[in-house]
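For reference, the structure is listed below as structure tokens.
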Amino acid sequence: MEEIVEPLLGWYAENARDLPWRREVTPYRVWISEIMLQQTRVEAVKGYFARFIGALPGPAELAAVDERELLKLWEGLGYYSRARNLQKAARVIMETYGGELPASHEELLTLPGVGPYTAGAVASIAFGLPEPAVDGNVLRVLSRLTADNSDIADPAVKRAAERTVRGIIPAGRAGAFNQALMELGATVCAPNGPPACGRCPLAGLCAAHAAGNETAYPVKAAKKARRVEERTVLLLVRDELLALRRRPAKGLLAGLWELPNLPGALDGAGAVEAARTLGLAPLRVEPLGPAKHIFTHIEWHMTGYRVTVEEAQAGEGLEWIDPRGLREDYPLPSAFSAYLAPYLAPGG
DNA sequence: AACACGGGGTC
DNA sequence: GACCCAGTGTT
């Protein structure tokens with residue numbers, strides 16, 4: 001496998017994308033970018049990265065930031081436990097490592113939210129340590145290169161890939177080499193459709209390309225079907241105010257804010273009853289129609305109602321807010337955007 | 001080993 | 001609609 005090293009490094013030197021976290025390479029910036037990039041495309045991360053670094057330029061600021069502000073900076077990126085773990089890790093960095101990220105793979109691995117991939121990425125990119133950083137891109141590239149039929153979802157396959165990479169990391173070039181492998185997977189040996197073998201520096205070394213069946217790799221077990229959940233969403237209106245509720249600290253969309261909602265596809269009478277259960281006195285109910293939101297593992301089919309309520313009652317666990325402050329102050333998942341769109345629009 | 005955990009781009 | 005993304009933590 002060693003023969004891929006030189007062509008890959010040469011290609012990367014010419015073709016590395018100009019990305020915000022490559023402009024200035026510090027351990028903190030590498031770490032933040034790698035966490036953001038977990039299961040998330042480069043294009044989606046760019047804007048978040050700049051804003052996040054501007055607001056929280058180092059571990060000290062991250063360790064101290066208010067949770068709502070932190071989630072607001074992460075709003076829309078998904079997998080919100082990444083943000084909480086980032087802060088937990090920042091506190092460890094402040095208390096245990098004197099405010100600097102530890103320069104060892106083993107210590108990086110102990111930080112919350114840092115697994116084998118991220119520890120390897122930070123170790124190699126930020127500290128130049130010869131550690132593999134095997135992600136989905138690398139697994140795809142290697143499986144095509146060797147026409148390997150084993151399921152890349154199998155942890156044993158990933159361990160083997162890490163062993164392979166570790167064995168060929170060029171001295172002093174670990175960061176460039178790992179990034180080159182990922183960059184090739186992201187821009188040339190891409191998922192979704194045929195790879196751009198015409199632009200690949202490894203085409204001549206690739207078993208899948210020789211056989212002309214690149215798209216047969218990587219082999220991956222079929223995913224489980226999503227489950228559908230019916231939910232009724234309440235847009236509760238009291239005078240000019242709107243009711244929001246904070247989600248539980250654990251589970252789906254933990255700690256984010258939401259429109260009050262409950263299981264089932266209720267009719268108007270059911271929506272009125274639900275508002276009463278929340279301690280409110282409904283005056284009027286209007287259907288807002290259906291909406292759908294797709295998570296990775298769940299599909300919400302929502303039925304929405306605007307329920308206007310009397311001013312006397314505050315309701316159970318609700319926060320009444322001026323919709324104009326929605327965009328500024330409350331970390332919201334995108335799941336409710338269909339019902340909130342009128343309020344989130346500029347000037348709305 | 002299987003599942004929970006977001007959101008969006010692409011074919 | 002299906003796939004899948006610079007994965008990690010929990011059970």
Side-chain angles (χ1 to χ4, degrees), chain A residues 16-17 19-22 30-49 71 74-86 88-89 108-126 132-141 151-158 161-162 165 175 177-187 189-195 215 218-229 247-248 250-256 258 292-300 331-337:
Chain A
R17 288 170 291 180
L19 302 174
W21 43 93
R22 288 178 178 164
V30 172
W31 171 47
I32 300 299
S33 67
E34 290 300 342
I35 299 293
M36 285 186 170
L37 286 161
Q38 288 170 7
Q39 296 292 288
T40 310
R41 289 184 160 73
V42 164
E43 285 309 315
V45 168
K46 283 182 178 172
Y48 283 92
F49 179 79
L71 288 174
W74 208 267
E75 179 189 70
L77 253 192
Y79 288 154
Y80 297 93
S81 67
R82 291 186 293 175
R84 289 173 210 289
N85 283 334
L86 220 35
K88 282 186 200 161
L108 287 166
L109 212 39
T110 68
L111 298 174
V114 176
Y117 163 74
T118 306
V122 175
S124 62
I125 300 169
V134 172
D135 69 341
N137 288 312
V138 177
L139 288 170
R140 183 173 55 256
V141 169
D151 180 358
I152 62 164
D154 183 348
V157 173
K158 192 177 161 194
E162 285 166 345
V165 172
F177 181 68
N178 282 335
Q179 290 184 87
L181 224 31
M182 293 189 277
E183 192 91 345
L184 188 73
T187 63
C189 195
N192 295 327
T215 54
V219 173
K220 213 169 179 179
K223 289 195 179 166
K224 238 186 63 176
R226 274 190 295 270
R227 68 174 181 275
V228 173
E229 288 184 7
R247 291 183 61 85
K250 285 179 183 273
L252 187 68
L253 306 172
L256 272 72
E258 67 175 358
K292 191 187 284 192
H293 185 75
I294 314 280
F295 298 96
T296 304
H297 55 307
I298 308 170
E299 195 167 321
W300 275 359
L332 288 163
S334 71
F336 303 98
S337 12

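A note on names: the letters A, B, ... follow the listed sequences, proteins ahead of strands, and every chain is numbered from 1.
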(request) Looking at every strand, decide which applies to A/Q179 at a 4.0 Å heavy-atom threshold: base, sugar-phosphate, or nothing. (result) nothing

(message) List the residues meeting side-chain contact (heavy atoms from CB on, under 4.5 Å) with A/T187, not counting sequence neighbours, and say none if there are none.
(response) A/W11, A/R17, A/E183

(message) Taking only the P atom of each, what is the distance from C/dA6 to B/dA4 in whole angstrom?
(response) 24 Å

Polar atom pairs between nucleotides 9-11 of chain C and protein, under 3.5 Å, N or O only, would you list them?
from	atom 1	to	atom 2	distance (Å)
C/dG9	OP1	A/G113	N	2.4

(request) Round to a whole Å and report the spacing from CG of A/L139 to C1' of C/dA6. (result) 11 Å

(message) C/dC5, OP1 or OP2 - any side-chain N/O from A/K220 closer than 4.0 Å?
(response) yes

(request) Rounded to the nearest angstrom, tell me the gap between atom CZ in A/R226 and atom P in C/dA2. (result) 7 Å

(message) Is any side-chain heavy atom of A/L252 closer than 4.5 Å to one of A/R247?
(response) yes

(message) Between A/Y48 (side chain only) and A/E75 (backbone N and O only), is there a donor and an acceptor less than 3.5 Å apart?
(response) yes

(request) Using atom types as modelled and distance alone, determine if a side-chain donor or acceptor of A/T40 lies under 3.5 Å from a backbone N or O of A/Q38. (result) yes

(message) Do A/L256 and A/W74 have side chains that approach each other closer than 4.5 Å (heavy atoms only, starting at C-beta)?
(response) no

(request) Assign each of A/Y117 and A/K292 to its nearest nucleotide of DNA chain C by heavy atoms, then name whichever residue's nucleotide is nearer the 5' end. (result) A/K292

(message) If I take atom CD in residue A/E162 and atom P in nucleotide C/dG7, what distance separates them, rounded to the nearest angstrom?
(response) 13 Å

(request) Classify every nucleotide of nucleotides 4-11 of chain B by which part a protein heavy atom approaches to under 4.0 Å, writing B for the base, S for the sugar-phosphate alone and - for neither, in 5'-to-3' order. (result) SBBBBB-S

(message) Say we look at C/dT8 and B/dG8: how far apart would their P atoms be, to the nearest angstrom?
(response) 22 Å

(message) Between A/I152 and A/K158, which residue's closest nucleotide on DNA chain C lies nearer the 5′ terminus?
(response) A/I152

(request) Assign A/S33 to base, sugar-phosphate, or nothing according to its heavy-atom contacts below 4.0 angstrom with the strands shown. (result) nothing

(request) Quick one: label A/R247 by what it contacts on the DNA or RNA (base, sugar-phosphate, nothing), any heavy atom closer than 4.0 Å. (result) nothing

(request) Identify whether any heavy atom of A/L19 sits under 4.0 Å from a base atom; if not, whether one sits that close to sugar-phosphate; answer base, sugar-phosphate or nothing. (result) base

(request) Kindly assign one of parallel, tilted or perpendicular to the pair A/W300 and A/F336, based on the angle between their ring planes and the thresholds 30° and 60°. (result) tilted

(request) Can you run down the salt bridge (Lys or Arg N to Asp or Glu O under 4.0 Å) pairs that involve residues 35-46 of chain A, sequence neighbours left out, and say none if there aren't any? (result) A/E43-A/K46

(request) Quickly work out the A/R22 CZ to C/dA6 P distance and round it to whole Å. (result) 12 Å

(message) Pair A/N137, A/R140 - check side-chain hydrogen bond (donor to acceptor under 3.5 Å, both in side chains), show working.
(response) CA-CA 5 Å; A/N137 288 312; A/R140 183 173 55 256; 2.7 Å; yes

(request) Starting at atom CH2 of A/W21, determine the distance to atom P of C/dA6, rounded to an integer number of angstrom. (result) 10 Å

(message) Run the ring pair (Phe, Tyr, Trp, His ring centres under 6.0 Å) test against A/Y117 and tell me which residues pass, sequence neighbours left out.
(response) none

(request) Report the distance from atom CG of A/D135 to atom P of C/dA6, rounded to the nearest whole Å. (result) 7 Å

(message) Need one value for A/R140: base, sugar-phosphate or nothing, where a base atom within 4.0 Å counts as base even if backbone is also close, heavy atoms only.
(response) sugar-phosphate

(message) How many whole angstroms separate atom CD1 of A/I35 from atom C1' of C/dA6?
(response) 11 Å

(request) List for me each residue that meets side-chain contact (heavy atoms from CB on, under 4.5 Å) alongside A/S334, sequence neighbours excluded, and say none if there are none. (result) A/H293, A/S337

